[in-house]
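These notes concern the structure reproduced below.
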Amino acid sequence: MPEALRQRPLVGITVNRNYHRRELWLPPAYSCRIEEAGALPLLLPPLQPAAAGALLGSLNGLLLSGGGDVAPLYYGKEPRPGLDEVDLQRDAWELALVRAALARGLPVLGICRGIQLLNIALGGTLIQDLNGPGYLQHCQKAPRHHPSHTVEIFPRTRLASLLGEGHLAVNSFHHQAPAAVAPGLKKAAVSPDGVIEALEDPKHGFLIAVQWHPETLLHPASCLLFQEFVHAASKFC
Ligand code: MN
């Protein structure tokens, strides 16, 4: 690898797989935000879980992107009627990837499916379907860069130190969310209906996960989240 490239952190980004159409895909905003923040993005297709450790040895950070539902098998529950299609191989790969990343102390940023995956990897569970009474609209009809509902960011959290404590308007494109929080993780933000919208590990160098999509929410605070993640990744170069 040329020396000029070595100086920039390499951030792996998980990608979606459409099993039926035999396609891998990722909305470009993820890699754009990582590049803008000064790192080089590397897209990670689903591989055999045993490859996770070897691959992570070359990375300086891991971004868990959005995507489909995680199979309830992986958190010890049975499927509810509202569960969407799942991809067991993708789940197994990404669970291995995040566990290997955490074992190495690598900076991890989770987005949407990413917060759910992180919570499961560490022993938590999910709400399988938010399309029921008592919940806000978490799958907004507005464009992706529009904020739709608010979240309350808790004081004395890493997230509050980056984005400020109190209310923040965010976008929302999910029908699942963390339920029981995994040991070691801390709630950093909730929406007004009580849905967990951010988790973090205060003991980890950089482990923050959000349920919204900062990569498309064109807001200075969202850029700051990517900048701080890449800054943490640069320490692993
Ligand atoms: Mn939401």
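Numbering of ligands and ligand atoms starts at 1, following listing order.
- Counting non-hydrogen atoms of neighbouring residues, nucleotides and ligands closer than 6.0 angstrom, the CD atom of E23 exceeds 12 such neighbours.
- V98 and I208 are members of different hydrophobic clusters when ILVMFWY side chains are connected at heavy-atom separations under 4.5 Å.
- Angle subtended at the Mn ion (ligand 1) by H174 NE2 and S172 OG: 90°, rounded to 10 degrees.
- Looking at heavy atoms from C-beta onward, N16 lies out of side-chain contact with L24 at the 4.5 angstrom threshold.
- Ring geometry for F206 versus F229: interplanar angle of 30 to 60°, hence tilted.
- The Mn ion (ligand 1) lies at the vertex of an angle of 90° between the NE2 atom of H149 and the OE2 atom of E197 (rounded to 10°).
- Within H138, the N, O or S atom at minimum distance from the Mn ion (ligand 1) carries the name ND1.
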